[in-house]
Amino acid sequence: MCGIIGYTGKNKVKPIIIDALTTLEYRGYDSAGMAVYNPDKKRTEVYKCAGRVRDLSKVCEDKNIDSTCGIGHTRWATHGGVCDANAHPHTQGSVTVVHNGIIENYKDLVEEYDLASSLKSETDTEVAAAVLDRCHAETGDPKKAITKAVRKLKGTFALVILFDGEPDVIYSIRNVSPIVATLSEEGAMLASDLTALTRFTNKYFVVPEYTIVRMTRDSVTMWTLDGREVEPEYLTMDWEKNSADKNGYPFYMEKEIMEQPKAIRDTISGRTKAGIPNFEADNIPDSLFTDCERICVVACGTAMHAGLVFQSLVKTRLQMHIDVEMASEFMYSDPVIDDKTLVIAVSQSGETIDTLEALKYARRKGARSLAIINVKGSSIARESDYVMYTNAGPEIAVASTKAYTTQLAVFYLIVYKMAHIRGVMDDDEVRECIRNLKRVPEVIGSVLDGRKAVHVIARGLLEAKDLFMIGRGLDYSILLEGSLKLKEVSYIHSEAYASGELKHGPIALITDNTPVVAVVTQERLMSKELSNIREVKSRGAAIALFIKADLIQQSTREFDTFMLPNLPDELMVFPASVALQLLAYYVSSDKGFDVDKPRNLAKVVTVE
Ligand code: M6R
């Protein structure tokens, strides 16, 4: 979950580290630190503090840091509270380390190496540093020390290491937790994720697991643990150079909401031929979709919510068996998986450990797999048989927005593709669906143009402590996501409920202090939805209604209403979801919160 950066090159390292950590802060933001080699004093110096990267900047403000080699870290606490001592980097003897992941056997290592009295923090990371230092003392060689030390470590780790005796050299090794690296004219650089590299280069490689990396200012060398040299496999990043900047928006979340028309266009583009879904560019054979008898989606959070929309579509359009599983529960629920199951893993980051482990489990059980991923070359993408990338560009705000709607776009393409090749829909029907899908960016554009009206509704929710979101069918699926969005950025307790289920219990909570957000976009469910809305209204709830334009009638005008532009009902999830994202955004920003970095959260969840 933490952000990691390492640079050795021609340039002064301090601004590079501060800049990269600011970009990476979305991975964790409770503490920050950096270590640089001081050539005058011939030793590594560490600057760190609890707090944000801006606090770290202040800590090093008046320090004369001339070094051109250093490592940095922004933390999401796992072991030990949030305090200066627990912030990374950690030094033990000649070794200084930053770490992402969890060393599961750290307690055993403390005993084995009798470390208790020498530790200055409560972290598992410092234990890893101490083991590395012991191994360095025994072997006198960084490579041998790393080889020996990692054989002792259990758990997930991305370690970036400085050894005192080797100025200007950075070492790294990883298991599961990601590291990407690059070598450019400016020097060598590595990071926990791509966003930190975009300003430097569009070429990068993913460090393979259990491979030792040694970076100098003009070289990157890698070896397996048995000493075999490994060549980096360079990939090209198709994100634009400044795509990770805010571009004048106060928050990334707003910027990313506004980017959705383009993101969806880019995701659909190249995936149809003569109006029919075509996945040749993704190298996906039709057999992946014809040979399966059942589908299982594994994902977490927002990505899992995208799966729920897919589930409705698969049932309606294909009448196929489909499960959508929380990846964190999947393995422990004895899921029914076999070689006739198509497992679809969905993830923005491609690094969510629960989703990765669920995918691995399903593959071991014989399932074929497809991953829907935003970050190219990420762990889940590499683990899966096939990948479809959502071309959303970097998503920095912790609250996922454009990743979700682009995941939906891919799911719609898959459903229409499957319906076509399984003979459920003919060419004309599919072409009509694709024509409508291609209208989605424009329709989202008009929701964005009308965002002031959502802002007005948001102002009515600022004082709410608890809130319900209600709808039926597809509306209910997207409300689960709308509700997650609101709670994570506004800290309002929000529950999404299927409207008809409300009176089986939760309606007891409705008072005139419990606003209700209702979404009505499905004509066949409308009259029942409106009855449910009236049930809560008559118990005092203030209603904010998001309704498809064509469904507005005299009787719905009594509510605070946002009119959603028309699309066929099946596609209304797009404008409705965007309106709910805006709602969450405005509530959070009007309350003065740090919208992009909600309390306790991190963007990439690499611990189980
Ligand atoms: O990177 P992923 O899509 O795998 O992340 C999954 C969830 O952690 C993520 O969607 C999370 O729920 C977001 N904070 C929601 O906004």
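Both counts, for ligands and for their atoms, begin at 1 and track the order of listing. Keep in mind it's a predicted model, so treat the numbers as computed, not measured.
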(request) Starting from atom 7 (C) of ligand 1, locate the nearest protein heavy atom and write down its residue, its atom name and how far away it is, to 0.1 Å. (result) Cys300 O, 3.7 Å
(request) Verify whether the ring centers belonging to His99 and Phe157 lie closer than 6.0 Å. (result) no
(request) Look at atom 14 (N) of ligand 1 and say which protein heavy atom is nearest, naming residue and atom and giving the distance to 0.1 Å. (result) Glu488 OE1, 2.9 Å
(request) Starting from atom 13 (C) of ligand 1, find the nearest protein heavy-atom neighbour and note its residue, name and distance. (result) Val398 O, 3.7 Å
(message) Using only atom types and a distance under 3.5 Å, with no angle test, would you say the side chain of Arg599 pairs donor to acceptor with the backbone of Tyr491?
(response) no
(request) Establish, for the pair Lys417 and Phe279, whether the NZ or CZ atom is under 6.0 angstrom from the six-membered ring centre and no further than 45 degrees off its axis. (result) yes
(request) Tell me which protein heavy atom sits closest to atom 5 (O) of ligand 1, plus the residue, atom name and distance to 0.1 Å. (result) Thr352 OG1, 3.5 Å
(request) Check Lys485 against ligand 1 and report side chain, backbone, both or neither, counting heavy atoms closer than 4.0 Å. (result) side chain
(request) For atom 15 (C) of ligand 1, find the nearest protein heavy atom and state the residue, atom name and distance (0.1 Å precision). (result) Thr302 OG1, 2.9 Å
(message) We want to know whether Thr195 and Asp193 form a side-chain donor-acceptor pair, criterion being a heavy-atom distance below 3.5 angstrom.
(response) yes
(message) Between Asp354 and Ala327 (side chain of the first, backbone of the second, donor and acceptor by atom type, cut-off under 3.5 Å), is there such a pair?
(response) no
(message) Under a 3.5 Å threshold, yes or no: a donor from one side chain and an acceptor from the other, between Glu395 and Ser400?
(response) yes
(request) Tell me which protein heavy atom sits closest to atom 3 (O) of ligand 1, plus the residue, atom name and distance to 0.1 Å. (result) Gln348 N, 2.7 Å
(message) Using modelled atom types and a 3.5 Å cut-off, is there a donor and acceptor pairing between side-chain atoms of Arg271 and backbone atoms of Thr267?
(response) yes
(request) Mark up the atoms of ligand 1 that fall under 4.0 Å of a heavy atom belonging to Ser347, in ascending order. (result) 1 (O), 2 (P), 3 (O), 4 (O)
(message) Give the atom numbers and elements of ligand 1 that come within less than 4.0 Å of a heavy atom of Ala399.
(response) 16 (O)
